[in-house]
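Letters A, B, ... are given to chains in the order of the sequence lines, protein chains preceding strands, and every chain is numbered from 1. Just so you know, these numbers use all the heavy atoms, side chains as well, and skip hydrogens, waters and symmetry mates.
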Amino acid sequence: MLVWILNFFRGYVSVLLHGHFIERFINVCTNRNIYLWDIRKSTPTDAGMKMSIRGFRQIRPVARKTHTRVRIRKKHGFPILMHRYRKRYFFFAGVLLFMLFVFGMSQFVWSIEVAGNERVPTQQILDTLAQLGFKEGTFRPGVDVVDLKNNALLQLDALSWLWVDLRGSKAFVSVQEKTPPPVIVPKDQPCDIIAVKAGVIKLVNAKAGKAAVAPGETVQEGQLLVSGVVTSQNPEIPHRYEHALGEVYARTWYDQSGQYAPTREVHTFTGKQKKHRSMKIFGKKINFYINGNAPYENCDKVTDESELKLGQHHYLGITWITDVYKQYDVSHEPVPLEENLSIAQKALEEKILSQVGDGAQEVARRFDHTVAEDGTVNASLTIEFTEQIGMPKQITSQIPAQSPPPAKQPGQ
Amino acid sequence: MRKKKQPKGRNKPDENRKPVAERLTEVLDLPKDIVLNLPRLIFTGNRELFIENYRGIVEYSDTVIRLNTSECMIKITGGALGIKSIAAEEITLQGKIKTLEFI
């Protein structure tokens with residue numbers, strides 16, 4: 001195969017020989033380093049063989065010497081083709097144009113992918129980049145990645161890091177979001193500790209400030225737990241403002257309830273499907289269908305995009321999109337009670353755990369359910385936790401200073 | 001008086017005796033095809049035969065091919081024989097090979 005390709009590009013001729021000393025002809029050729037292949041003898045005096053163009057040019061003295069007549073049967077190979085089509089200027093222009101097109105199109109950014117963001121929407125990042133002049137269709141060599149990164153980070157406050165990786169005509173934007181800093185009251189500022197959520201106090205550990213609640217007390221959200229205002233029993237001493245420090249553990253309860261239907265939808269595909277094809281050229285979509293609505297009442301849509309690429313990353317800006325709509329029938333399948341209950345419990349637990357703060361420890365849980373006549377499960381889950389509920393809050397309003405002790409009147 | 005050892009058959013031509021060069025290659029474990037300039041034949045079933053180190057074609061038809069080598073002649077018979085490729089040092093034959101003889 002490899003030899004064949006090499007021969008094709010070098011060009012070769014298939015010749016017919018006629019003579020009585022063909023063996024001698026072959027021997028002389030090999031001695032003169034003329035490479036021959038595919039030699040076949042049809043009659044004792046006739047043979048066919050192939051040789052390279054360069055070999056053919058050297059063959060005349062050999063043929064004369066061995067009294068062999070050489071006739072060309074066919075010319076093969078790339079140089080022959082080039083020679084034959086040398087006047088087809090527009091064909092060559094087309095080849096050149098195509099190569100320029102492929103090369104030119106791979107010089108643009110045709111797709112931008114954003115990864116790493118959770119809170120900041122992708123669209124916002126893309127919009128910011130577009131404002132800075134980096135969007136689909138931007139000329140690649142004109143992009144200064146470092147500059148782009150610096151400007152984008154200035155505008156996107158919620159990001160701590162951003163990098164645009166240009167791989168061919170695809171841009172991969174990786175971002176890292178800032179973790180919001182916890183509310184920290186500076187040490188020298190007076191503050192209280194208040195409750196983040198309601199609960200029953202289990203333990204108050206006040207390292208600075210004065211505990212305002214005792215274990216066993218029920219507190220509401222926002223209630224003062226450790227006060228930063230320290231008053232003295234001695235009325236002569238004015239109260240002090242402190243930076244309250246400490247942890248307050250409380251028992252907290254979380255309820256969640258929900259209804260769970262006794263049946264669930266089952267989708268069985270009917271096998272009917274319809275395809276909508278479209279093409280995306282340089283960001284513009286061209287549809288090859290008329291009615292863009294879903295063709296069936298119940299159907300799943302599967303979109304397949306194949307991109308025209310040169311190599312792995314040189315996307316050429318053309319995407320072929322196939323939307324397959326698969327029709328399905330909806331039927332309802334009963335769910336066994338046991339399974340429904342476990343589904344309910346899992347779902348409710350998930351809901352609760354998303355509300356609970358870090359470091360909370362589960363103490364107890366209760367799961368209740370009633371089954372309605374039609375089989376619907378009404379479930380409720382209560383979980384009790386022990387968690388830290390204190391949160392520092394700066395003292396903003398100054399309490400009027402304790403009234404100064406009444407002046408001792410002389411002579412009393 | 002010591003008896004002089006009679007050289008046994010030193011001047012007699014021994015048919016089984018190998019030439020010095022060949023014995024040397026055997027002792028030194030050298031590849032014979034290179035040192036003694038012998039042909040090297042590689043068969044692919046009965047369809048193809050690759051011969052390295054040949055010296056030229058003596059006879060060529062689609063049933064018999066005779067090749068010269070440094071030591072002897074190789075005669076290949078079969079049907080639809082052809083030369084797949086030929087160069088100064090090596091040759092590849094193809095076709096239905098029936099026999100191979102060293103003459």
Closest non-hydrogen atom pair, A:Lys41 against B:Asp62: O-CB, 4.2 Å
Least distance between heavy atoms, A:Tyr35 atom then B:Ala87 atom: CD1-CB, 4.1 Å
Counting only heavy atoms from other residues, nucleotides and ligands, does the tally under 6.0 Å from CZ of A:Arg69 exceed 12? no
Please say whether more than 12 non-hydrogen atoms of neighbouring residues, nucleotides or ligands are located less than 6.0 Å from CD in B:Glu26. yes
For chain B, which of A:Thr43, A:Thr30, A:Ile39 has the most heavy-atom pairs under 4.5 Å? A:Ile39
Quick one: of A:Val3, A:Asn27, A:Ile26, who has the most non-hydrogen atom pairs under 4.5 Å with chain B? A:Asn27
Please state whether the side chain, the backbone, both or neither of A:Asp38 comes within less than 4.5 Å of a heavy atom of chain B. both
Please identify, among B:Gly56, B:Ser61, B:Gly95, the residue contributing the most non-hydrogen atom pairs under 4.5 Å to chain A. B:Gly56
Between the main-chain N or O of B:Tyr60 and the side-chain N or O of A:Glu23, is there a donor-acceptor pair closer than 3.5 Å? yes
Measure distances from B:Leu81 to the heavy atoms of chain A and classify the residue's part below 4.5 Å as side chain, backbone, both or neither. backbone
Measuring heavy-atom distances to chain A, does B:Glu89 have an atom under 4.5 Å in its side chain, in its backbone, in both, or in neither? neither
When rounded to the nearest 0.5 angstrom, what distance separates CD1 in B:Ile83 from CZ in A:Arg40? 10.0 Å
